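Report on the structure given below.
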Amino acid sequence: MPEPQSPRARRVYLETYGCQMNVADSQTVTTVLLNAGYGTASRPEDADVILLNTCAIRDHAEERVLKRLGDLAHLKRARPKLKLGLLGCMAQHNRSAILQNASCLDLVAGPDSYRRLPELIEHASFDPAIDVRLDRSETYADISAAHSGGVRAYVTVMRGCDRFCAFCVVPYVRGRERSLNPQSLMREIRALAAQGVREIVLLGQTVNAYRHCEIDFGSLLRMAAQVDGVERIRFTSPHPSDMSDSIIEAIASEPKVMPQIHLPVQSGSDRMLAAMDRGYTVAEYLALVDRVRRAISGVALSTDIIVGFHGEDDRDFEATLDLMRTVGYDSAFSFKYSVREHTRAFKLGDSVSETVKGARLQAVIALQEEIALRRNRALVGDVFPVLIEGPARRGGGMMAGKTPQFKTAIFPAREDAALGTTLPFRVESVTAHSLMGSLA
Ligand code: SAH
Ligand code: SF4
Ligand code: F3S
């Protein structure tokens, strides 16, 4: 006799915005929901529950989500039983405004509430459910995030941020700093290695502030490097002020820890750095760059830059361009300053016009292209071990991988070039963003 059909599991469609930490959180959310008997849907049309895991870092990020909510509200009108939920940083940042403006929402859950999602979804069948309590101890350490395949996996090692840079909403939406137990992190990394993961990226908003009892971030890097099967270890984002010698030594001496550091500077003007409460001066930052470059041969440096922070004048901005020239970053992410409610800078104002911010942003992007192109050109003829990730986006029988410095290498496919293998690659030509060549 055929088995009686169990009712179809309710399916969840999850869309993620923002940084890698949100991507990693979405994997935790997926595990929580699968454990509670939900299935996953790959399109909103096939879902019983739609969740958006949101970002609040800039106004633009929030606008994108509000627009998406507007689109999804149409689906809900056609299928009133559909549940629509908002997760993540924006849920935490804008909860009251969101509930007032988005009557289509059934639930709102902040970054420390994911354990309770099954209850919240259940409860939302009767009433809108809201849980945005921040929890000083929540780390989800016992929930192994669903790995989504591929050679690289992200592992959150600390949550929250205690730095309170004047412009930044993260400490308000993610709460206080807390580090995960190193033993459970190593268990997670071993499990990922057993699933075929070759590269681990350790994550945290100030990842190098990691500390659990006697274990600091340098020791954690060394522990991760002991895990068999893991070939490469990276991390993001460190704060310049927490970049201790122990960390620099670990990168320099552990071959598995890749020579690549994202070192967000934000501005090249001491006046702006002080107004931003970044906790370092330009001279201190440059001394750090010097220490890092002397200790770690071939290290690649990238950064984040904010243009048009309140009070930034032409001289401050010129100082940022000067700093970029002095350091010579391999890549940079740049952003127009966006005033965020709750932050310390909120009350200061927003003195730089949108037009000037736009022009400064373009100038930063153009200068960075020039610098990156020059740096990449110097690599022509060099050979790097490349971890192969799969077909190149441009197609045409080309494959792509990463060098130790996290530069994209593009080369013609070859039979032995299987996903997850590391092979020597020779650079033949470059752009500002990638290296073209062939397997050596
Ligand atoms: N924790 C990391 C960065 C987190 S946010 C660090 O301290 O470096 C990522 C980047 O977004 C920041 O480095 C900053 O450049 C940018 N950012 C943060 N708040 C912003 C704001 N209000 N306006 C514009 N850019 C912002
Ligand atoms: Fe934001 Fe500063 Fe914390 Fe980075 S260190 S997350 S910029 S407050
Ligand atoms: Fe955005 Fe939250 Fe990350 S505000 S940048 S998703 S921590």
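Just follow the structure's listing: the first ligand is 1, and inside any ligand the first atom is 1. Just so you know, these numbers come straight off a predicted model, no measurement behind them. Residue numbers run from 1 in the order of the sequence given.
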Could you tell me which atoms of ligand 1, counted from 1 in the order shown, lie closer than 4.0 angstrom to a heavy atom of [X]?
X    : result
I306 : 14 (C), 15 (O), 17 (N), 25 (N), 26 (C)
Y337 : 22 (N), 23 (N), 24 (C)
R58  : 11 (O), 16 (C), 17 (N), 23 (N), 24 (C), 25 (N), 26 (C)
K336 : 23 (N), 24 (C)
D304 : 9 (C), 10 (C), 12 (C), 13 (O), 15 (O)
R340 : 22 (N)

Hey, is P264 touching ligand 1 through its side chain, its backbone, both or neither, going by heavy atoms under 4.0 Å?
-> side chain
May I ask you to identify, for F335, whether its side chain, its backbone, both or neither come under 4.0 Å of ligand 1 on a heavy-atom basis?
-> side chain
Tell me the protein heavy atom at minimum distance from [atom], and give that distance in Å.
atom                    : result
atom 19 (N) of ligand 1 : F167 CD1, 3.3 Å
atom 1 (N) of ligand 1  : Q205 O, 2.6 Å
atom 5 (S) of ligand 1  : I57 CD1, 3.6 Å
atom 4 (S) of ligand 3  : A56 N, 3.3 Å
atom 23 (N) of ligand 1 : S338 N, 3.0 Å
atom 15 (O) of ligand 1 : Q266 OE1, 2.7 Å

Would you please test Y210 and F235 for ring pair (Phe, Tyr, Trp, His ring centres under 6.0 Å) and show each step?
-> CA-CA 11 Å; Y210 177 92; F235 57 91; over 10 Å; no
Indicate whether any N or O donor in one side chain lies under 3.5 Å from an N or O acceptor in the other, for S246 and D216.
-> yes
Ignoring hydrogens and angles, state whether a donor on the side chain of H262 or T236 is under 3.5 Å from an acceptor on the partner side chain.
-> no
Quick one: are [X] and [Y] in side-chain contact, heavy atoms under 4.5 Å?
X    : Y    : value
D304 : V265 : no
D330 : K407 : yes
I410 : L435 : no
T30  : L33  : no

[X] with [Y]: basic N within carboxylate O range, under 4.0 Å:
X    : Y    : result
D106 : K81  : no
R163 : D242 : yes
R293 : D290 : no
E122 : R10  : yes
E354 : K336 : yes

Residue contacts for ligand 2, heavy atom to ligand atom, distance under 4.0 Å = C161, R163, F164, C165, F167, C168, V170, P171, Q205, T206, H239, R278
Please determine if H239 has a nitrogen or oxygen closer than 3.5 Å to a nitrogen or oxygen of ligand 1.
-> no
Of D142, D135, T28, V32, the one forming a side-chain contact (heavy atoms from CB on, under 4.5 Å) with R115 is D142
Run through V307, D350, V352 and flag the one making a side-chain contact (heavy atoms from CB on, under 4.5 Å) with Y337.
-> D350
Measure distances from atom 3 (Fe) of ligand 3 and count the protein N, O or S atoms below 2.8 Å.
-> 1
Are the side chain of D131 and the backbone of A109 linked by a donor-acceptor contact shorter than 3.5 Å?
-> no
Quick check: does any side chain N or O of S302 sit under 3.5 Å from a backbone N or O of S331, one acting as donor and the other as acceptor?
-> no
Does R234 make a cation-pi contact with F406, if we ask for NZ or CZ under 6.0 Å from the ring centre and within 45° of the axis?
-> no
Kindly identify the option in R174, R278, R163 whose heavy atom sits closest to atom 7 (O) of ligand 1.
-> R278
